[in-house]
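Working notes, beginning with the structure itself.
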Amino acid sequence: MRSRNAKKPAAVADQRPVQGEDGIPLARVSRSPRILPFVLTGLVLGVVVGLVIAITGGEGGNYTEGSTLGYFALLFGGIGALLGGVGFALADKRAQR
């Protein structure tokens with residue numbers, strides 16, 4: 001059963017590649033985003049936030065300052081990478097419209 005808003009497949013009249021004025025076939029440009037910049041940006045921002053929180057926070061209890069910096073950088077870096085992946089998924093979905 002088809003819904004009323006379902007798109008019908010478009011009939012393709014010509015399968016030859018589109019050519020420019022000089023006869024060279026033109027390439028299609030993909031406007032989909034790449035995942036690596038999104039994830040790396042989220043990772044870097046998360047690490048920076050983790051370092052700022054570790055430096056401006058209070059005493060670390062029994063932990064050294066270096067281990068506190070490392071734990072927070074790892075924790076917030078992972079969260080930032082995850083949020084970067086979510087941002088990529090949203091951008092990819094928007095680009096496919």
Side-chain angles (χ1 to χ4, degrees):
M1 177 182 229
R2 295 180 80 185
S3 67
R4 283 190 261 166
N5 295 335
K7 294 181 180 179
K8 295 179 183 178
V12 179
D14 192 4
Q15 293 292 333
R16 291 180 292 166
V18 178
Q19 295 182 351
E21 293 177 7
D22 53 0
I24 298 174
L26 299 177
R28 289 183 180 225
V29 177
S30 174
R31 294 185 47 88
S32 64
R34 294 180 295 165
I35 191 168
L36 192 61
F38 280 87
V39 172
L40 288 180
T41 301
L43 178 76
V44 169
L45 289 176
V47 167
V48 169
V49 168
L51 293 177
V52 167
I53 290 175
I55 291 172
T56 60
E59 284 290 317
N62 295 332
Y63 298 107
T64 64
E65 185 176 330
S67 64
T68 304
L69 289 171
Y71 290 139
F72 277 13
L74 185 65
L75 175 70
F76 285 99
I79 292 171
L82 182 66
L83 290 176
V86 169
F88 164 77
L90 294 174
D92 188 43
K93 184 171 182 146
R94 182 175 176 158
Q96 289 179 358
R97 286 192 209 174

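Every value quoted in this text rests on a predicted model; they were computed, and no experiment measured them.
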Heavy-atom pair with the smallest gap, counting every atom of [X] and [Y]:
X: P33; Y: F38; answer: CB-CE1, 3.7 Å
X: G46; Y: F76; answer: O-CB, 3.0 Å
X: L43; Y: G77; answer: CD1-O, 3.4 Å

Result block: side-chain N/O donor-acceptor pairs under 3.5 angstrom for residues 84-96, not counting sequence neighbours:
none

Look up atom CD1 in I55 and atom OG1 in T68, then write down how far apart they are to the nearest 0.5 Å.
11.0 Å
Nearest 0.5 angstrom please: I79 CD1 to L45 CG, how far?
13.5 Å
Do I53 and L69 share a hydrophobic cluster, counting only Ile, Leu, Val, Met, Phe, Trp and Tyr and linking them when any side-chain heavy atoms are less than 4.5 Å apart?
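I53 does not cluster with L69.
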